[in-house]
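Beneath this line is the structure, given in structure tokens, with notes to follow.
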2 protein chains.
Amino acid sequence: MQEFDLRELRYFLAAAEELNFSRAAERMGISQPPLSRAIRRMERRLGAPLFHRGHNSVRLTAAGETLRNEAHKVLEAAAAASRRTRRAGRTATVLTVTAAPGRSTELLRRIAGAYAALPGAARTDIAVTGYCAQAAALRSGEADLALLSTPFDEEGLRVHGLCSEERVAAVPVGHRLARRTRLHCADLSGEPFPAWPADTEAGRRYWSGQDRAGGGRPAEGPLVHDISQLIEVVGLGQALALVPRHIAERNPRPDVVYVPVADASPYRTVLARPEGPAEPAVELFVRTAADLFAAVAPAGAVAEPA
Amino acid sequence: MQEFDLRELRYFLAAAEELNFSRAAERMGISQPPLSRAIRRMERRLGAPLFHRGHNSVRLTAAGETLRNEAHKVLEAAAAASRRTRRAGRTATVLTVTAAPGRSTELLRRIAGAYAALPGAARTDIAVTGYCAQAAALRSGEADLALLSTPFDEEGLRVHGLCSEERVAAVPVGHRLARRTRLHCADLSGEPFPAWPADTEAGRRYWSGQDRAGGGRPAEGPLVHDISQLIEVVGLGQALALVPRHIAERNPRPDVVYVPVADASPYRTVLARPEGPAEPAVELFVRTAADLFAAVAPAGAVAEPA
DNA sequence: CGTCCGGGATACCCTAAAGGTATGCAGGAG
DNA sequence: CTCCTGCATACCTTTAGGGTATCCCGGACG
């Protein structure tokens, strides 16, 4: 089962991306023949060609496509392994927890406070990162824990729900929906919604309320980078937005009204960690957070059942 | 970032398990000095010791513990990569789908039938495996898809809910609870429940209805291997059991009564695939299954929302 | 108190395999 | 026909992984 070597996987990946052995070899800092050989070796061992070699073109075979995806996972796992091990090697465990700027950070500070008061608590570093960067930090081993909010990509993570909160639609005062006292996702279909920088397809559906069955696809709205900009854009009548209730309460504006949306999926705040066994310090932190939220759910939110 | 080599990880893992370099080396088919060197090399590169070397004993450091977990993941990913690539290399894609014996297999046949009727469908192999073996087959790359039922270990899988079904308690006729028309999880606490061979702690809590908040821990009951044995054991008054409704309906017996349990978590049947990008054939199969269930939920079950 | 033993580290050699340079060979453009 | 591009082949050089022998150190034992 000694299938291959991480080095070979890197070579293969470079070749799969470049679709040109010479350039791939250059990128890997070796010359072309060794790279060719490495790939032929892999093909021989796997018993299946990875590339279609046309004379002036190289394409991936089905097996190659598969290996491209898989190789990615393997290399990521390896990189994460090294990072995590390094960090575990520092004397005196340090927990690194990331959160997005804004209320998440504030919540995180409270959890960290409660945690720090426990006997045997490790030092805790709070890393405030850009929106959408938390999950990546977890997967790469840069952080031990992340406080994140829906939507996020759950892949490779174990999430512990902390609280969930209703979402309301932010509607410009002049809008046809501004008079309504209650909306459904279907009412929002076809309306323009702001786009976030790192928005995935799933994320866009979420923010526009289309992640429940409701039909119609969201219209592309202006690009926004933070909450105040989002509200601004709504105020100017350029878009609608679905926001958690606490955002609505903290951003009262004369030119925006907030209307509950009956069937929008809730805005969930979760504590996430990488899959697999966790260090005791991580376990303790998670339990502390869960206990804290079970006891006193913060304003406007409902503690989630375990 | 050229941290290490899969071979080194294997060596490390052997050493971490044996806690004896000589034996570990023997297991890896090499002599002791190269193994020692490999590990020192890793320690040098990582900048942290992995083992405490007592003179007559070797123990893992914190970093070593971490690496042990991580190395596992990396090696599993690598093994899966090779298996999946091999299988993708066979001409004419073959989907391998696993299910437990019983109704799951029957459902799977229906899905496969609908799938096979589609244009461009791949050949589909159905592999019937023992209970609890499906998730492992997915993770190791032996299967492309698995039809499985709660409880299962979600780690590393992407699940697509197909249907969910109420669970009822199987109670021996003479039992104090046999007269009731409705139960709650709390009523069941302290009762003996049958154990399945591969039962995890979480699985046992699930089968005994303790996975909802309800207090008390389940009592250890006799070991059972299949459904008929389970019902038998209940009939003999040796245990209670929580079973999905369709099992109750197909196993009427004079010595067992079935009582709805109001707050037991439902019995969910899901189609699962490994995380990450999926081949088109897999995507198509999943969509076929979802459509089939959205249209006509099979007897006694409720189709899950997407 | 000396000796032996278990078990990891060191020293040194040897071979397999990765890398480099030069070149071959086949198709497409001009 | 020729040149260019781009992967494969041939052949040499270098390196590092593996083997054997040996050391070193602490513990057990007579």
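Computation of the quantities below employed the complete heavy-atom set of this structure, encompassing side-chain atoms and omitting hydrogens, waters and symmetry-equivalent molecules. Worth saying up front: this structure is predicted, and the values here are computed from it rather than measured. A, B, ... follow the sequence lines: proteins, then strands. Residue 1 opens every chain.
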Going 5' to 3' on DNA chain D, which nucleotide is the first and which the last to come under 4.0 Å of a heavy atom in chain B?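 Contact boundaries, 5' end first: dG17(D) to dG26(D).
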Per the side chain to side chain donor-acceptor pair (under 3.5 Å) rule, which among R87(A), R273(A), R84(A) passes with D144(A)?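 The option that passes is R87(A).
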Determine whether a donor-acceptor pair (N or O, by modelled atom type, separation under 3.5 Å) exists between the side chain of E76(A) and the backbone of R139(A).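 A pair under 3.5 Å: no.
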Residues in side chain to side chain donor-acceptor pair (under 3.5 Å) contact with S140(A), at least two apart in sequence or another chain: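 S140(A) satisfies side chain to side chain donor-acceptor pair (under 3.5 Å) with E142(A) only.
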Could I get the full list of salt bridge (Lys or Arg N to Asp or Glu O under 4.0 Å) partners for R23(A), not counting sequence neighbours?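 Residues passing salt bridge (Lys or Arg N to Asp or Glu O under 4.0 Å) with R23(A): E18(A).
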Can you name the atoms? Protein N/O to nucleotides 9-12 of chain C N/O, anything below 3.5 Å, with the distance.
from, atom 1, to, atom 2, distance (Å)
dA9(C), OP1, R40(B), NH1, 2.4
dA9(C), OP1, R53(B), NE, 2.9
dA9(C), OP1, R53(B), NH2, 3.3
dA9(C), OP2, S36(B), OG, 2.8
dA9(C), N7, Q32(B), NE2, 3.1
dA9(C), N6, Q32(B), OE1, 3.4

Looking at dG6(C), I'd like to know if its phosphate oxygens (OP1 or OP2) sit under 4.0 Å from a side-chain N or O belonging to N20(B).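 Answer no for this pair, as no side-chain N or O of N20(B) is under 4.0 Å from OP1 or OP2.
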Expressed in angstrom and rounded to an integer, what is the separation of E18(B) atom CD from dG7(C) atom C1'?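 Checked: the CD to C1' distance equals 14 Å.
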Rounding to an integer number of Å, can you tell me how far I39(B) CD1 sits from dG7(C) P?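 It works out to 15 Å between those atoms.
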Any donor-acceptor N or O pair under 3.5 Å, side chains S22(A), Q32(A):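 S22(A) vs Q32(A): no donor-acceptor pair found between side chains.
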Nearest-nucleotide 5' precedence on DNA chain C, A38(A) against V58(B):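 Going by which nucleotide is closer to the 5' end, it is V58(B).
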Flag yes if more than 12 heavy atoms outside E26(A) fall under 6.0 Å of its CD atom; otherwise flag no.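 Not buried by this count: 12 neighbours or fewer within 6.0 Å.
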Which of residues 23-31 of chain B sit near DNA chain C, with a heavy atom under 4.0 Å from it?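 Heavy-atom contacts with DNA chain C come from no residue of residues 23-31 of chain B; none.
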Can you tell me which residue pairs pass the ring pair (Phe, Tyr, Trp, His ring centres under 6.0 Å) test with a partner in residues 27-47 of chain B, sequence neighbours excluded?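 Of all non-adjacent pairs touching residues 27-47 of chain B, none passes ring pair (Phe, Tyr, Trp, His ring centres under 6.0 Å).
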Rounded distance (nearest 0.5 Å) linking atom CE of M42(B) with atom CG of D5(B):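 One gets 9.0 Å once the value is rounded to the nearest 0.5 Å.
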Distance check, rounded to the nearest 0.5 Å: L271(A) atom CG versus R158(A) atom CZ?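 If I round to the nearest 0.5 Å, the distance is 13.0 Å.
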Could you tell me if the side chain of L46(B) sits less than 4.5 Å from the side chain of F4(B), heavy atoms only?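 Of all side-chain heavy-atom pairs linking L46(B) with F4(B), at least one is under 4.5 Å.
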Please report whether the ring centroid of F21(B) lies less than 6.0 Å from that of F51(B).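 Yes - the distance between ring centres of F51(B) and F21(B) falls below the 6.0 Å cut-off.
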With heavy atoms under 4.0 Å as the rule, sort F51(A) into base, sugar-phosphate or nothing.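 Nothing, no heavy atom under 4.0 Å.
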